[in-house]
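Worksheet: one structure, shown below.
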Amino acid sequence: MSELLNFNYPPEPATDRVTLFADVILPLPLPKLYTYRIPFEMNDSVMVGARVIVQFGGKRVLSCIVADIHENAPADYQAKYVLDVLDDTPIVTGPQLKLFKWIADYYMCTLGEVINAGLPSALKLSSESRIQLHPQYNPEEDEIIFAPQEEKIIFALQHNQALTFSEVANLLQLKSYHKFIKSLIQKEAIIIYEQVSDKFSPKVVKKVRLTEHFVQEEGMLEELFNQLTPQPKQLDILLNYLQKVPVHQDINLNYKGLEKSELSKNPHLSASSINTLIKKGVLEQFDQIVSRFPIDNLQQQLPMALSEHQLQAKDEILGLFKEKDTVLLHGVTGSGKTEVYIDLIKHALEAGGQVLYLLPEIALTAQIVTRLLKVFGEKLGVYHSKFSDNERAEVWQGILSGRFQVVVGVRSSIFLPFHNLSLIIVDEEHESSYKQYDPAPRYNARETALVMANLQGAKTLLGSATPSIESYYNCKTGRWGLVTMSKRFGQAKLPDIELIDTRDAQRRKAMNSHFSSQLLTAIEERLQREEQVILFQNRRGYAPFISCDECSWIPKCKFCAVSLSYHKYNNELRCHYCGYHERMPHDCPACGATTLKSMGFGTEKVEDELKLLLPKAEVQRMDLDTTKTKNSYQQIIADFENGKTNVLVGTQMVTKGLDFENVSLVGILNADTVINFPDYRAHERAYQLFVQVSGRAGRKGKPGTVLIQTRDPLQPIFRKVRNNDYDSLYEHEIEERLRFGYPPFVRMIRITVKHAEEGTSENAAIVLAKDLVDRLGKQQVLGPEVPYIFKIRNLFLNEIHIKLPRANTNLKAAKNQLAKAIFNLRLLPDFKGVRIVADVDPM
Ligand code: ADP
Ligand code: ZN
Ligand code: ZN
């Protein structure tokens with residue numbers, strides 16, 4: 001039939017029909033790219049960076065990214081056809097593809113893993129995905145025009161909860177059904193099913209407005225007044241509405257309406273009268289989806305005028321950028337680095353470039369986003385993992401379309417489709433949360449940002465009050481520029497830091513559980529002066545473990561070599577490594593005694609005890625357990641900002657970059673667990689943590705105090721922290737690193753060998769280490785050794801560390817050798833199920 005229909009058109013000359021092939025990146029951990037044949041009719045529509053649909057293996061249908069188009073048929077297999085094209089413009093940009101390749105090479109993983117981590121899953125369709133109607137889609141009201149195929153899908157979805165892709169294919173009797181799914185997603189009529197489990201819930205407010213004809217028709221409003229006169233309560237509601245929404249002045253105001261809660265705010269106005277008016281048809285109720293960052297309520301503001309110090313820092317940065325691509329801004333806590341960033345962002349945008357502003361932690365984005373929104377308004381995109389997948393896909397598209405020119409985000413924002421970056425800011429550059437541990441790609445966003453800047457000709461500004469030793473070294477050796485701000489903004493001074501000897505306090509009976517009387521008195525004083533307090537403890541939960549007084553039994557995780565932490569609020573014992581949990585037993589399962597005692601303490605216990613010791617304090621806790629839901633960070637931070645709470649207890653989360661003006665006391669409950677960590681970075685980390693948490697005190701005028709509880713006040717680190725003596729920390733650390741061979745003088749790669757059998761894991765590690773010694777030399781290979789936590793998720797671990805001197809090492813060649821060694825090990829029948837993970841630049 002179709003031959004006949006085509007009869008009138010001259011057939012395309014055969015010479016025009018170039019046979020093209022596409023190399024595609026499948027979202028799977030495959031070692032290489034696969035090549036597919038492009039059907040002639042798609043020759044013009046397949047593009048590098050766009051998604052196409054292909055069949056992989058027997059049944060799976062997947063969307064993937066085109067990485068290359070060429071004319072070479074694969075030598076060793078028959079190429080299958082590309083089934084469908086999803087995009088009419090690329091969704092991954094050229095510089096992005098280059099960056100993805102760099103990530104895969106440098107961090108020793110596959111491009112598929114990079115794509116998987118980088119692309120929001122709304123952009124990844126696979127045959128396992130399901131679709132359902134969009135929760136906000138209303139077939140009666142929404143006047144959307146659908147293609148007949150789309151209507152068919154919608155109709156089917158009105159009768160079925162969800163459809164798999166293959167069901168859609170059957171329904172339409174079509175192989176190329178994906179474009180209809182994509183179109184329906186764009187029309188917001190359907191969503192992909194995974195997003196539902198992602199708790200997709202747009203923020204909705206209930207609003208009311210006057211029913212149309214009271215506004216549109218002359219005289220109706222007066223008549224309404226007359227009607228309502230006998231019902232004074234209802235009349236009051238109406239008057240209140242008109243006061244807030246003066247429709248008699250401008251009838252268009254009515255359309256936007258008023259929040260229902262706003263209308264009944266006044267104590268003598270009742271919600272029931274509103275409901276009566278709705279029933280009578282005077283008011284109508286409607287839902288409005290509101291943005292998480294309601295732009296129209298935020299007054300657009302000019303950035304703050306920079307102080308002399310800030311102006312000087314900015315000029316120095318711009319001056320250095322003329323010669324160097326990377327500059328480190330070393331500014332003490334509260335020196336006003338953020339305002340300097342804002343000024344630089346503004347300039348970059350005015351010159352037409354894109355800007356990426358990286359932050360290490362979601363907790364921080366809440367405050368910074370508010371600050372940035374005031375200046376950049378709708379140009380600002382926000383990107384982090386607490387956002388639903390749909391929202392992330394929206395930011396992605398918004399960058400491509402030019403809607404967002406500046407993006408604030410956590411480490412995964414380095415995957416976003418920028419193509420015209422002119423500035424990257426890496427705030428709190430020393431933070432280890434820039435590094436992704438698991439799964440692959442195990443990348444460091446700070447390092448990746450530098451490469452990204454390089455690919456796009458952008459400049460990078462890193463900022464910190466406590467720079468990483470590696471970054472400072474780069475400045476000292478002249479590779480990067482260095483700008484210093486050594487004073488706090490305005491009248492604010494750095495806080496006084498005092499040590500409390502808890503061993504001594506115990507002897508003097510001046511400890512009340514985990515609080516020294518000195519700390520308690522100080523907290524009380526602050527509360528009396530209506531000032532605020534931050535308390536830091538680096539463990540979450542109630543107690544890191546429990547133990548039986550009678551027989552010393554300690555509950556351990558079934559799957560990991562760690563003890564279970566006690567969480568009081570749900571009376572559970574929990575593994576912080578694999579999530580395993582069980583109920584807290586009443587008696588000791590080993591001896592039956594009722595003498596189970598909690599040992600040590602976490603944030604939950606600090607919160608609990610403080611509420612008992614100081615009943616007047618309004619205490620809130622910020623840690624992983626209290627910030628599970630989407631807006632919990634914002635809520636906790638807002639409550640503290642508004643003075644609703646006056647003591648904030650937390651883990652690392654409270655140490656980073658937060659800016660509260662009324663905090664005059666910071667307490668560190670147990671400094672010793674921070675210092676005594678078996679790692680070459682322990683000192684650097686401890687210094688950073690103490691200085692950063694101290695930096696939350698006394699930021700605006702009011703003098704701040706920091707109290708550090710420790711059993712060992714003579715630790716040299718404390719002197720450095722108290723004197724804010726970064727230089728002496730740096731000198732000491734860099735010497736040690738040179739002497740013992742650690743970064744920045746070497747590059748490290750950590751190889752972890754995992755297997756369910758302890759012996760297999762160990763033997764595999766021994767064989768691998770031996771092969772590596774042969775390939776790389778004895779000096780370069782350390783281990784294998786059994787790590788402190790030797791079993792996680794039922795797998796026994798062995799580690800090998802590779803150290804490659806920075807000078808005179810061909811990194812690429814070394815990694816190739818490593819890859820070969822791993823490949824060969826996997827071929828050995830004894831080690832078939834062994835998992836091997838390579839972590840480049842572990843932290
Ligand atoms: P940092 O990031 O260096 O710790 P911030 O940028 O948060 O410091 O600044 C510390 C405080 O000083 C903030 O509360 C900020 O609002 C205020 N501040 C900084 N610069 C200015 C300025 N130019 N004008 C007014 N206030 C400023
Ligand atoms: Zn016991
Ligand atoms: Zn576990």
Side-chain angles (χ1 to χ4, degrees), residues 301-314 329-344 357 359-360 364 367-368 370-372 374-375 425 427-429 461-467 483-495 545-565 573-582 585-597 641 655-663 691-702 704 789-795 797:
Q301 285 176 1
L302 288 174
M304 297 178 188
L306 296 188
S307 71
E308 207 174 306
H309 289 296
Q310 287 169 321
L311 279 174
Q312 194 185 337
K314 178 191 117 180
L329 175 58
H330 179 200
V332 297
T333 56
S335 54
K337 296 186 286 297
T338 318
E339 295 305 321
V340 176
Y341 302 150
I342 291 176
D343 197 77
L344 292 167
Y357 184 157
L359 287 166
L364 259 178
Q367 274 195 330
I368 302 260
T370 320
R371 266 163 101 173
L372 293 179
K374 286 185 187 158
V375 181
I425 289 165
D427 200 5
E428 314 289 349
E429 64 87 28
L461 177 64
L462 305 122
S464 175
T466 53
V483 175
T484 309
M485 291 167 79
S486 52
K487 288 221 164 54
R488 278 196 159 174
F489 176 79
Q491 301 305 312
K493 298 257 175 331
L494 284 169
F545 64 104
I546 61 165
S547 161
C548 172
D549 240 9
E550 208 52 49
C551 73
S552 306
W553 171 81
I554 293 173
K556 300 256 167 61
C557 177
K558 281 190 178 145
F559 310 106
C560 313
V562 295
S563 49
L564 295 172
S565 299
L573 295 172
R574 205 163 244 291
C575 171
H576 288 180
Y577 284 80
C578 73
Y580 168 79
H581 51 94
E582 58 185 45
H586 190 262
D587 325 305
C588 171
C591 74
T594 51
T595 47
L596 292 175
K597 259 189 21 191
E641 257 171 1
T655 67
K656 301 172 186 178
L658 294 168
D659 184 37
F660 300 111
E661 46 178 302
N662 199 24
V663 174
V691 170
Q692 289 292 346
V693 67
S694 304
R696 303 312 115 211
R699 289 171 72 84
K700 285 244 176 109
K702 277 182 200 145
I789 295 169
F790 59 86
K791 187 177 82 169
I792 294 178
R793 293 175 200 273
N794 253 349
L795 296 175
L797 312 183

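What you see is a predicted model, and the numbers here were worked out from it, not measured in a lab. Whatever order the structure lists ligands and atoms in, that order sets their numbers, starting from 1.
Atom numbering of ligand 1 starts at 1 in the shown order; those under 4.0 Å from a heavy atom of Met304 are 16 (O), 21 (C), 22 (C), 23 (N), 24 (N), 25 (C), 26 (N), 27 (C). Residue contact check: Leu306 has heavy atoms under 4.0 Å from atoms 23 (N) of ligand 1. Heavy-atom contacts of Ala305 reach the following atoms of ligand 1: 22 (C), 23 (N), 24 (N) (cutoff under 4.0 Å).
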Verdict with reasoning, Leu494 to Lys487, per side-chain contact (heavy atoms from CB on, under 4.5 Å): CA-CA 8 Å; Leu494 284 169; Lys487 288 221 164 54; over 6 Å; no

Worked check of side-chain contact (heavy atoms from CB on, under 4.5 Å) between Leu329 and Leu462: CA-CA 6 Å; Leu329 175 58; Leu462 305 122; over 6 Å; no

Ser565/Phe545 under side-chain contact (heavy atoms from CB on, under 4.5 Å): CA gap, chis, key distance, verdict: CA-CA 5 Å; Ser565 299; Phe545 64 104; over 6 Å; no

Derivation and outcome, side-chain hydrogen bond (donor to acceptor under 3.5 Å, both in side chains), residues Thr333 and Arg488: CA-CA 7 Å; Thr333 56; Arg488 278 196 159 174; 3.0 Å; yes

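Here the Zn ion (ligand 3) has protein N, O or S atoms under 2.8 Å from it, and they come to 4. Here 4 is the count of protein N, O or S atoms positioned under 2.8 Å from the Zn ion (ligand 2), waters not counted.
Checked against side-chain contact (heavy atoms from CB on, under 4.5 Å), Lys791 has the following partners two or more places apart in sequence or in another chain: Ala561, Asn794, Phe796.
Residue pairs meeting the salt bridge (Lys or Arg N to Asp or Glu O under 4.0 Å) criterion with at least one partner in residues 547-563, sequence neighbours excluded, are Asp549-Lys597.
Of the candidates Arg371, Gln367, Glu428, Arg699, it is Arg371 that places a heavy atom closest to atom 15 (C) of ligand 1.
When side chains are defined from C-beta on, Lys314 counts as touching Leu344, because their heavy atoms get closer than 4.5 Å.
A donor-acceptor pair under 3.5 Å is absent between the side-chain atoms of Glu641 and the main chain of Phe660, judged by distance alone. Judged by distance alone, the side chain of Arg371 and the main-chain N or O of Gln367 form no donor-acceptor pair under 3.5 Å. The backbone N or O of Leu306 lies less than 3.5 Å from no partner atom in the side chain of Glu339, so there is not a single donor-acceptor pair. For His330 (side chain) and Ala465 (main-chain N/O), a donor-acceptor pair under 3.5 Å exists by modelled atom type. In this structure a side-chain-to-backbone donor-acceptor pair under 3.5 Å is missing from Arg696 to Asp659.
Polar contact with ligand 1: absent for Thr333 (N/O pair, distance under 3.5 Å). Note: an N/O pair closer than 3.5 Å links Gly334 and ligand 1 by distance alone.
For atom 13 (C) of ligand 1, the closest non-hydrogen atom of the protein is Asp659 OD2, 3.0 Å. The nearest heavy-atom contact from the protein to atom 12 (O) of ligand 1 is Phe489 CD2, 3.7 Å. The nearest protein atom to atom 9 (O) of ligand 1, hydrogens excluded, is given as Gly336 CA, 3.5 Å; this is a heavy-atom distance. Considering only non-hydrogen protein atoms, atom 20 (N) of ligand 1 sits nearest to Gln310 NE2, 2.8 Å.
Annotation for His576: atom NE2 counts as buried by contact number, over 12 foreign heavy atoms lying within 6.0 Å.
In this structure, the separation between SG on Cys557 and OH on Tyr580 is 7.0 Å, given to the nearest 0.5 Å.
Using a 4.0 Å cut-off between heavy atoms, Met485 makes no contact with ligand 1 at all. Contacts of Arg696 with ligand 1, taken as heavy-atom pairs under 4.0 Å, are absent altogether. Of the heavy atoms in Thr338, both backbone and side-chain atoms come closer than 4.0 Å to ligand 1. Under 4.0 angstrom from ligand 1, there are no non-hydrogen atoms of Ala492.
By the 4.0 Å heavy-atom criterion, Gly331 is excluded from the residues contacting ligand 1. The closest approach between any non-hydrogen atom of Arg488 and ligand 1 is not below 4.0 Å.
Between the side chains of Gln692 and Thr466, at least one donor-acceptor pair of N or O atoms lies under 3.5 Å.
Ion pairing between Asp427 and Lys337 fails under the 4.0 Å rule for side-chain N and carboxylate O. Ion pairing between Arg574 and Glu582 fails under the 4.0 Å rule for side-chain N and carboxylate O.
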